[in-house]
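As structure tokens, the structure follows; a few thoughts come after it.
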Amino acid sequence: MPSPPAQPPRARSLAVVNEEIRGLLEAGGLVSPEARCRYEELLVEWAAAVRGDVAEAA
């Protein structure tokens, strides 16, 4: 019997992503290449969360 398809990971809420962005900036900003990379990843996740909030509101 085949196993059911894996569920995609649930997106984090806008508030959670925003809090991580703030923490990253408060911890010293975007000095290292790793921090800049993580910041960019968080911005993409943040934008997806914003789109999700708009879709739910509609």
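- Evaluation of the side chain to side chain contact (heavy atoms under 4.5 Å, CB included) rule for L25 yields I21, L30, Y39 as partners, not counting sequence neighbours.
- V50 and L42 fall within a single hydrophobic cluster, where Ile, Leu, Val, Met, Phe, Trp and Tyr are joined by side-chain heavy atoms under 4.5 Å apart, directly or via other members.
- A distance of 9.0 Å separates OG in S13 from CD in E45, rounded to the nearest 0.5 Å.
- Between E20 atom CD and R12 atom CZ the span is 4.5 Å, to the nearest 0.5 Å.
- Here the side chains of E34 and C37 are not in contact, with every heavy-atom distance at 4.5 Å or above.
- Smallest separation of non-hydrogen atoms from A35 and G29: CB-O, 3.9 Å.
- With rounding to the nearest 0.5 angstrom, the CZ atom of R51 is 11.5 Å from the CG atom of L14.
- The residues E19 and R22 are annotated as not salt-bridged, no charged nitrogen and carboxylate oxygen being separated by less than 4.0 angstrom.
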